[in-house]
Amino acid sequence: MKPIAVYEGNSRKRLCYLQNAYDISYKKRSTELWYAEFTLPYGDPKRKYCSSMNFVDIWDVDSSGKDKYIGLFRIMPQASELSMSTSKVVYTLEHALATLLDDTILGWTEIGNLGVPTSNVITYILNKQIVKRWILGVCDYVHYYLYGWQDENLLGALYSVVNSFVEDDYRWEFDTTKYPWTINLRKVSTKAITDIRYGKNINGIKKTIDPTNLTTRLYCYGYGEADNKLNLKSV
């Protein structure tokens, strides 16, 4: 399996490979944010590159023994464990899609209805990024639903797009192998074509969530709703 590569958060410049990483695990769900985790020896000199908000590539091995790319993840909280027998650092990761949590659709916004298909709604959401990391690739659905958000982060708005769908055969797909990264909303078959068994093609899954509050910018919201909302524009 390919070693984990670490990239600087803003420039995405590759910093190093983590040959000593172990206990690598990940959790993928089609309608939720993906998470991953890995561990490094506390004394590993490359630990200095594993700063929060840097990115890492996660790989696995498929059933034929070939390397399989899982995706790009962002380093979040880390937990150190030091004892006479163990000295290690456990890193929690969230998929690069979590960068959409960094930006917000301010105020009350409506979009959609007749003449505005699903792809236009998704593009509108992604255009609200301050740093344009994500673009829309393929959207297999053409609906004309009306959407409304009040001070919603972009990831929440994106996931809400499919809430009105009658179909349940949708899947969000992501391509983080080239920049800007690409989001696809694909229609998939609901017919089972394989199985997942613990001990057969999954060795294990671990998930740790640290509710650390990370503030990147502050917004002053007034009192009230929609156009009647009190604000601070006059001062």
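A quick note: this is a predicted structure, and the numbers were derived from the prediction, not measured. Sequential numbering from 1 along the given sequence is applied to the chain's residues.
Criterion: ILVMFWY side-chain heavy atoms under 4.5 Å apart, direct or through other members. Under it, L136 and V131 are part of a common hydrophobic cluster. Cluster membership check: V166 shares its hydrophobic cluster with L185, using side-chain heavy-atom separations under 4.5 Å among Ile, Leu, Val, Met, Phe, Trp and Tyr. V142 and I125 are not part of a single hydrophobic cluster, where members link through side-chain heavy atoms under 4.5 Å apart. With hydrophobic clusters built from ILVMFWY side chains whose heavy atoms lie under 4.5 angstrom apart, L33 shares a cluster with L93. Under the 4.5 Å side-chain heavy-atom criterion for Ile, Leu, Val, Met, Phe, Trp and Tyr, Y42 and Y49 are members of the same hydrophobic cluster.
Taking both residues in full, the closest heavy atoms of R14 and A5 are given as CD-CB, 4.2 Å, listed atom of the first, atom of the second, then distance. Among all heavy-atom pairs drawn from G137 and N184, the shortest one is CA-OD1, 3.2 Å. The two residues G9 and F55 have their closest heavy-atom pair at O-CE1, 3.3 Å. Y7 and R12 get closest at one heavy-atom pair: CD2-O, 3.4 Å. Here the shortest heavy-atom pairing between W59 and P3 reads CD1-O, 4.3 Å. For the residue pair M1 and V61, the shortest heavy atom distance occurs at CB-CG2, 3.6 Å.
Applying the 6.0 Å contact sphere to OH of Y124 captures more than 12 heavy atoms from other residues, nucleotides or ligands. Atom CZ of F174 has more than 12 neighbouring heavy atoms from other residues, nucleotides or ligands inside a 6.0 Å radius.
Using a distance-only test at 3.5 Å, with no hydrogens or angles considered, no donor-acceptor pair links the side chain of T104 to the main chain of L106. In terms of modelled atom types and a separation under 3.5 Å, the side chain of K46 and the main chain of Y17 share a donor-acceptor contact. Remark: side-chain polar atoms of E167 are not paired, donor with acceptor, to backbone N or O of D169 under 3.5 angstrom. A donor-acceptor pair is defined here as one N or O able to donate and one able to accept, closer than 3.5 Å; such a pair exists between the side chain of S160 and the backbone of A157. With hydrogens and angles ignored, the 3.5 Å screen pairs a side-chain donor or acceptor of T118 with a backbone N or O of H143. Judged purely by atom type and a 3.5 angstrom limit, N153 has no side-chain atom pairing as donor or acceptor with the backbone of D103.
Put simply, CD1 on I58 and CD on E37 are 10.5 Å apart, with the number rounded to the nearest 0.5 Å. We find the NZ-CG distance between K48 and L15 to be 10.0 Å, quoted to the nearest 0.5 Å. Atoms CG and CZ, on L154 and R133 in that order, are 10.5 Å from each other to the nearest 0.5 Å. With rounding to the nearest 0.5 Å, the separation of CG in L100 from OH in Y159 is 9.0 Å. Interatomic distance, CD1 of I24 versus CG of D60, reported as 9.0 Å (0.5 Å rounding). To the nearest 0.5 Å, atom CG of residue N127 and atom CD1 of residue I122 are 12.0 Å apart.
For the 3.5 Å distance criterion, the side chains of Y91 and N54 fail to qualify, holding no donor opposite an acceptor. Between W134 and T182, the side chains place no donor N or O within less than 3.5 Å of an acceptor N or O (distance only, hydrogens not considered). In this model, no donor atom of one side chain and acceptor atom of the other lie less than 3.5 Å apart for H95 and E32.
Ring geometry for W149 against Y147 counts as parallel: the plane angle stays under 30°, on a 0 to 90° scale with 60° as the upper cut.
No option in T176, T177, D175 other than T176 meets the side-chain hydrogen bond (donor to acceptor under 3.5 Å, both in side chains) test with Y69.
Ring centers of Y179 and W181: under 6.0 Å apart, within the cut-off. Taking the centre of each ring, Y26 and Y35 stay at or above the 6.0 Å mark.
Counting only heavy atoms from C-beta outward, the side chains of L40 and L18 approach each other to under 4.5 Å. Here the side chains of K187 and R171 are not in contact, with every heavy-atom distance at 4.5 Å or above. Contact check for L72 versus V56: no side-chain heavy atoms found under the 4.5 Å cut-off. The shortest side-chain heavy-atom distance between W34 and K28 falls under the 4.5 Å cut-off.
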Derivation and outcome, side chain to side chain contact (heavy atoms under 4.5 Å, CB included), residues I183 and L126: CA-CA 10 Å; I183 293 176; L126 298 180; 4.0 Å; yes
Verdict with reasoning, F38 to Y22, per side chain to side chain contact (heavy atoms under 4.5 Å, CB included): CA-CA 6 Å; F38 70 89; Y22 63 97; over 6 Å; no
Working for side chain to side chain contact (heavy atoms under 4.5 Å, CB included), residues I4 and D57: CA-CA 6 Å; I4 293 176; D57 275 330; 5.9 Å; no
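Ionic pairing of R74 and E94 is present here: one or more N-O contacts between side-chain nitrogen and carboxylate oxygen are shorter than 4.0 angstrom.
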